[in-house]
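Each remark here refers to the structure printed beneath this line.
Numbers restart at 1 for each chain; the letters A, B, ... are given by sequence-line order, proteins then strands.
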Protein chains: 2
Amino acid sequence: MIDAAGLRVMKAIADEGSFTSAANALGFTQPAISQMVRRLEQRTGTVLVERYGRQVRLTEAGQVLARHAVGVLAALDAAEEEITAIAGLRAGRVRLQAFPSSSATLVPRTLAILKARHPDITVTFTEAEPPESLAALRRGDCDVAVAFAYEGGDLGELEEDLSLLVTRRLLDDEVRLVVPRTHPHAEDEAATLADFSGEEWIAGCPRCRGHLLALADTAGFRPNVAFETEDYVAQLGLVTAGLGVALVPDLILNAAKHDEVATLPLSPASRRQILAVTTPDLLRVPAVAAALDALCEAAGADPGVSPAHLVGGEA
Amino acid sequence: MIDAAGLRVMKAIADEGSFTSAANALGFTQPAISQMVRRLEQRTGTVLVERYGRQVRLTEAGQVLARHAVGVLAALDAAEEEITAIAGLRAGRVRLQAFPSSSATLVPRTLAILKARHPDITVTFTEAEPPESLAALRRGDCDVAVAFAYEGGDLGELEEDLSLLVTRRLLDDEVRLVVPRTHPHAEDEAATLADFSGEEWIAGCPRCRGHLLALADTAGFRPNVAFETEDYVAQLGLVTAGLGVALVPDLILNAAKHDEVATLPLSPASRRQILAVTTPDLLRVPAVAAALDALCEAAGADPGVSPAHLVGGEA
DNA sequence: CGTTTCCATAATCACCCGTTATGATTGGTC
DNA sequence: GACCAATCATAACGGGTGATTATGGAAACG
């Protein structure tokens, strides 16, 4: 019944004292004001303006509208300002979830880039394994999820989780075999997994363990898993102590100290893909886009975007 | 850029959780919501709604709008309620100005009627002589003026003051000659003014005095004005004391005690018109209309309205 | 008394904002 | 694994809002 335009007009009349001035103040012509008032009057069924001679003044009802106009228009302007602030990266929120081992280097570097570039954006970060982070993304509790998938392994399984989502490949993380310095194969150029079928193995998180099992299966043996820990630093410690061997991604090795062990590339090589995941709509939210850019930059990847179902396709 | 309708839609989506439910809640169809959101999004240049699968949820920017919607819509409703209250006589204001001698009976009776009929209306009353009350009316400081005009006398003069105004004739107030009980003509049926050319006169307010002078001039003499007071009770007291004679309107005589004097109708009769005056627009304001009705009722007049320039025309 | 300066009205036109009808896609179900 | 229900998107269409220009009438002013 009453809209913002009507209030704006009433306020302008109250402020300016005449239809003509109000029209000028609002950038309209005088007849626009004239019939705007008339429409308002017949909508409310009330006399809003008293025309006396060639001057106009608001009736009590008109003053009521003009008075309320102040608050309403202020609130409207405030809303608009907030929106443009979000659009202009002068405000906004990004909720990031990433898997634990990315927290060490990728995420901190991303947050630093983001903070430097857009200091007014609020970034929240939660550590979560891919299944949970993607669930949060689908649920709407998260804006960007950083996930990983082992090539050939759970890429297919992940793919179904990625339907309706978009991803950016951040980096290809090569998996290396970590053995004690004193190990007979410690000086090899590369490691063939079958050579280690008799070792005791140290496994990580459920999905990493799954990857280990898959690789071993391909190599024709079942690994003897003696220890399990999700903490890669602990894994390196166990290897250092000579208690077994482990598969550890490069990303971890670049960040953690590992002088006491030998790290061998696998032959054939095995990699995991690290992906940033979000929804198509969120991609168009400036703060989210900025976060993705920062993630790419931190990972040193090109900032190309690919729909979820193309993840394993090319490359 | 952002209007009330848009906010209403965003709030409905936030509350209901889907376009379809929001549409039902607002009484619209689903496509209406769909393209309303699209328009809002391209107007603000921002993603407001995140479509994931077949569910929708607000982005941060969308939540900003939904949050502001509460306040804005509440304020809008409040304004609308105030307006309808004024229209429904459950609120409103009437500023009444009346000439002093009407304050005795006409105005109190009017206020009583008004208060009984519409207890929620605020009535303010100011005593003012016709020139001032009409000026206030023109200035917008008054809603209803109760004025009077002597027939034949200043009716023409008043008429020019009444341009652009509307009037209601409240009553015709006959003017009587007041003389001491002991006066030789005290028992006459009627008074011919010429018979009192030698008396000492008691005059009232400037315009009443003007009327006296006009009547005397017609009768062929210049009255010897010995006393002047605007207080009619004082005039009656002066007459009672035998200090002179006076012209006093019936309205006063009906209200004030005057046992000690004789009141004679004039021949030819002389009347003053008592009018309620307002502007054409204010006439359509419910509270003002109610006040005019109450005035008519208090005066016992028919509630006909006549444009100002017809005041002296018929009757 | 003309002249200016207001506001009102008429005619016109664009676009906003609804509608109905229909399609695309998701997500559950037998 | 294919149907089925639910949800949002889109197209086509129509009415009304809300602006414009052009014009008229009345009031205040010199």
In plain terms, say whether Glu81(A) and Arg90(A) are close enough for a salt bridge, that is, a side-chain N and a carboxylate O under 4.0 Å apart.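 Yes.
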
Using heavy atoms and a sub-4.0 Å distance, could you list which residues of residues 18-31 of chain A are near DNA chain C? By number, please.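 Contacting residues: Ser18(A), Phe19(A), Thr20(A), Gln30(A), Pro31(A).
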
Under 4.0 Å, heavy atom to any atom of DNA chain C: which of residues 61-76 of chain B qualify?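 By residue number: none to list.
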
Are the side chains of [X] and [Y] in touch, meaning some heavy atoms are under 4.5 Å apart?
X         : Y         : result
Arg207(B) : Arg272(B) : no
Leu76(B)  : Leu7(A)   : yes
Asp3(B)   : Arg43(B)  : yes

Excluding sequence neighbours, so at least two apart, what forms side chain to side chain contact (heavy atoms under 4.5 Å, CB included) with Ala14(B)?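 Partners of Ala14(B) by the side chain to side chain contact (heavy atoms under 4.5 Å, CB included) criterion, ordered by chain and then number, come out as Leu58(B), Ala66(B).
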
Near DNA chain D, which residues from residues 36-51 of chain A have a heavy atom under 4.0 Å away?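 Going residue by residue through residues 36-51 of chain A, the ones with a heavy atom under 4.0 Å of DNA chain D turn out to be Met36(A), Arg39(A), Arg43(A).
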
Scan residues 45-57 of chain A for pairs that pass salt bridge (Lys or Arg N to Asp or Glu O under 4.0 Å), counting only residues two or more places apart or in two chains.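 Passing the test, one end in residues 45-57 of chain A: Glu41(A)-Arg51(A), Glu50(A)-Arg57(A).
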
Taking any heavy-atom pair under 4.0 Å as a contact, classify Gln55(B): base, sugar-phosphate, or nothing.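 Touches nothing.
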
Taking CG from Asp3(B) and C1' from dC15(C), how many angstroms apart are they, rounded to a whole number?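 Rounding to the nearest Å, CG of Asp3(B) and C1' of dC15(C) are 14 Å apart.
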
Please evaluate the base of dT5(C) for a donor-acceptor partner in the side chain of Arg54(A) within a cut-off of under 3.5 Å?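 Yes, the side chain and the base share a sub-3.5 Å donor-acceptor pair.
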
To the nearest 0.5 angstrom, please state how far the [atom1] atom of [X] sits from the [atom2] atom of [Y].
X         : Y         : atom1 : atom2 : result
Arg138(A) : Leu165(A) : CZ    : CG    : 7.0 Å
Asp141(A) : Leu137(A) : CG    : CG    : 9.5 Å
Ile33(A)  : Arg38(A)  : CD1   : CZ    : 13.0 Å

Students should find this one: the first and last nucleotides of DNA chain D, 5' to 3', lying under 4.0 Å from a heavy atom of chain B. What are they?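 Listed 5' to 3', the contact boundaries are dA5(D) to dA27(D).
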
